[in-house]
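Keep in mind that this is a model prediction, so the values were computed, not measured.
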Amino acid sequence: MGKVQKISIALTPELNDLVQEAVASGRYATSSEVVREALRDWSHYEKAKAQALTNLQDMIQQGIDSGPGRFSSIEEIIAEAKIRHKDLLKKSA
């Protein structure tokens with residue numbers, strides 16, 4: 001594990017209970033293991049969220065770069081969606 005640095009954290013009673021239950025279940029040997037795994041999971045989640053945001057920004061930029069759309073109003077978009085939905089229903093029947 002390398003060099004370990006000790007820190008002190010304060011948990012709500014509910015979170016403390018979750019940590020203690022995880023240790024009592026035998027899945028973890030110590031509360032530190034529970035917290036380390038939670039932090040690893042959180043780190044992976046944050047990285048995935050940042051990547052998703054980057055992907056979304058890229059898609060938005062691709063849309064902007066592709067030029068103006070073919071619809072000039074929301075009504076036209078709705079009408080096209082209805083046509084496509086109707087076509088899908090015909091194909092699935």
Hey, what do you get for [atom1] ([X]) to [atom2] ([Y]), rounding to the nearest 0.5 Å?
X	Y	atom1	atom2	value
Ile77	Lys82	CD1	NZ	13.0 Å
Leu11	Gln20	CG	CD	9.0 Å
Asp41	Glu46	CG	CD	12.0 Å
Lys86	Leu88	NZ	CG	13.0 Å
Arg84	Glu80	CZ	CD	4.5 Å

Exercise for the section: For a side-chain contact (heavy atoms from CB on, under 4.5 Å) with Leu15, tell me which candidate from Leu18, Asp17, Val19 qualifies. Expected result: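 Only one option passes, and that is Leu18.
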Practice task
State yes or no: do Ile83 and Phe71 share one hydrophobic cluster built from I, L, V, M, F, W and Y residues joined by side-chain heavy-atom distances below 4.5 Å, directly or via other members?
Solution key: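 They do not share one cluster, since no chain of ILVMFWY contacts under 4.5 Å joins Ile83 to Phe71.
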Practice task
For Val23 and Ser31, work out which heavy atoms get closest and say how close.
Solution key: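 Result for this residue pair: CG2-N, 3.6 Å.
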Handout entry: No-hydrogen, no-angle side-chain donor-acceptor test under 3.5 Å, Gln62 and Asp58
Key =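 Not at all, the side chains of Gln62 and Asp58 share no donor-acceptor pair under 3.5 Å.
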Practice task
Using distance alone, with no hydrogens and no angle criterion, decide if Ser72 and Glu76 have a side-chain donor and acceptor under 3.5 Å apart.
Solution key: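 There is such a pair (donor and acceptor under 3.5 Å, judged by atom type) between the side chains of Ser72 and Glu76.
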Practice task
Quickly, which of Glu37, Glu33, Glu21 forms a salt bridge (Lys or Arg N to Asp or Glu O under 4.0 Å) with Arg27? Name it, please.
Solution key: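 Between Arg27 and the candidates, salt bridge (Lys or Arg N to Asp or Glu O under 4.0 Å) is satisfied uniquely by Glu37.
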Problem - Donor-acceptor pair, side chain of Ser43 and main chain of Leu39, under 3.5 angstrom - result: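 Answer holds: no.
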Problem - Which residues share a side-chain contact (heavy atoms from CB on, under 4.5 Å) with Ile7, sequence neighbours left out - result: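 side-chain contact (heavy atoms from CB on, under 4.5 Å) list for Ile7, sorted by chain: Ile9.
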Problem - Verdict with supporting geometry, Thr12 and Asn16, side chain to side chain contact (heavy atoms under 4.5 Å, CB included) - result: CA-CA 6 Å; Thr12 63; Asn16 184 60; over 6 Å; no
